[in-house]
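Worksheet for the structure shown next.
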Amino acid sequence: MPSCRSNKTFAERLLNWWDQHGRHDLPWQQSRSAYRIWVAEIMLQQTQVATVLHYYQLFLQRFPDLQTLACCDVDAVMSAWSGLGYYRRAVNLQRTAQLCLQQHAGKLPDTAEQLLQLPGIGRSTANAIISQSQDAVLPILDGNLKRVLARHAGIPGWPGDKQVEQALWQAAIERLPAQRGADYSQACMDLGASLCSRHKPACNDCPVATDCRACAEQIQTQLPGRKPRQPKTVRQMQLLVHRQADQVLLEKRPATGIWASMWCLPEGLQQPETGAVLMQFSHELSHVSLRIKAVQMPYTAPHMVREGQLQWYAREEALRLGLPKPVRDILQQLPVHH
DNA sequence: AACACGGGGCT
DNA sequence: AGCCCAGTGTT
């Protein structure tokens, strides 16, 4: 509980600041359409506003409503998502649209509890959608809030730790206003994205600095606590480049593991394949460093192409599929075939 | 609790 | 080069 030297609450001071200095012109703030807010919230998971803006407009033009999204080919959704990363979000987005058609009369459900049952929507996103679409007072806890609250409440430790996360949710709940839920959620995120930044927080201009624990102790940049460093394992991966005129051979990956269910260059066996090494580079995942070797294969026997698993794609067509980054890079640098 | 996802921004 | 982010789902 913040000590109240000021006679105004945390939320009152934050809302006053936001009215004067906050962002009010973002595309997803212009309506209370649950569909448009939902799409924005999913895109904004682990992706910054500047990146989302462009994709968001194009996505809504292509999929203007829930039914359009539910009924299109999943490859069309992946194509619209291409370059945003975290492609599971796109698959879950369409799956949720289809579930809404089947189970919720073609609309997104209007309670956080029901939203939480849908794929790709967790506690924070469920509350954010209801908060924005119904102006409800609900706590959210994204990366910005974790930073703001860890500092204001003086909560040590890494937010990925369950106990720390629990303390942060509690701090979020304690600071909620009685009204203006939608504005308050936006204000919290705006504060974290601007004044209360990771480095160089602008505490002199901050509306809640007077009772901020981190500011009082001058430990702003030490909160929130860092993730414990863990050594990455190294894994070799051979990606095979089979060509046939202007086409390349792609493989649909299994539903689990790295790049689940995505189209990819076929993965080679551990022993060296016979063929020229086209490219060699490293791709970093959270716990693995992939050492990727792209190998040009001299010949593809027709019987090797099993229906459903492997498929020939024109290179330009393949590049529109929404491929893993390393695969996109390999295809883009492929020499033109003669 | 650990892992998978991923491009981009920042120091 | 390392760290972080408008997180969630799977194992």
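In what follows, chains carry the letters A, B, and so on, assigned in the order in which the sequence lines appear, proteins first and then strands, with residues in each chain numbered from 1. Computation of the quantities below employed the complete heavy-atom set of this structure, encompassing side-chain atoms and omitting hydrogens, waters and symmetry-equivalent molecules.
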Spacing between [X] atom [atom1] and [N] atom [atom2], to the nearest angstrom:
| X | N | atom1 | atom2 | answer |
| --- | --- | --- | --- | --- |
| A:M262 | B:dC5 | CE | P | 9 Å |
| A:Y56 | B:dG7 | OH | C1' | 21 Å |
| A:R198 | C:dA6 | CZ | P | 11 Å |

query: What distance, rounded to whole Å, do you find between the two P atoms, one in C:dA1 and one in B:dC5?
result: 23 Å
message: Taking the P atom in each of C:dA6 and B:dC10, what is the distance between them to the nearest angstrom?
response: 13 Å
message: Less than 6.0 angstrom separating the ring centers of A:W18 and A:H24, yes or no?
response: yes
message: Aromatic contact between A:Y55 and A:W81, with the criterion being ring centroids under 6.0 Å apart: yes or no?
response: no
- prompt: How long is the span from the CG atom in A:L239 to the CE atom in A:M279, to the nearest 0.5 Å?
  reply: 10.0 Å
Identify the pairs formed between an N or O of the protein and an N or O of nucleotides 9-11 of chain C at a distance under 3.5 Å, and give each distance.
residue: C:dG9; atom: OP1; partner: A:L118; partner atom: O; Å: 3.3
residue: C:dG9; atom: OP1; partner: A:G120; partner atom: N; Å: 2.6
residue: C:dG9; atom: OP1; partner: A:I121; partner atom: N; Å: 3.3

Counting only side-chain N and O atoms of [X], is one of them less than 4.0 Å from OP1 or OP2 of [N]?
| X | N | result |
| --- | --- | --- |
| A:Q46 | C:dG7 | yes |
| A:T125 | C:dT8 | yes |
| A:R147 | C:dC5 | yes |

message: Any base atoms under 4.0 Å from A:W28, or only sugar-phosphate, or nothing? Heavy atoms, all strands.
response: base
query: At under 4.0 Å between heavy atoms, what does A:G192 touch on the DNA or RNA strands: base, sugar-phosphate, or nothing?
result: nothing
message: Whether the A:N144 and A:R147 side chains hold a donor-acceptor pair (N or O, under 3.5 Å, no angle test) is what I'd like checked.
response: yes
message: If you assign A:R226 and A:Y86 each to the DNA chain C nucleotide with the nearest heavy atom, which residue ends up on the more 5' nucleotide?
response: A:R226
query: On DNA chain B, nearest-nucleotide positions of A:K162 versus A:G83: which is more 5'?
result: A:K162
message: Between A:D135 (side chain only) and A:G181 (backbone N and O only), is there a donor and an acceptor less than 3.5 Å apart?
response: yes
- prompt: In this structure, are over 12 heavy atoms from other groups packed under 6.0 Å from A:Q332 atom CD?
  reply: yes
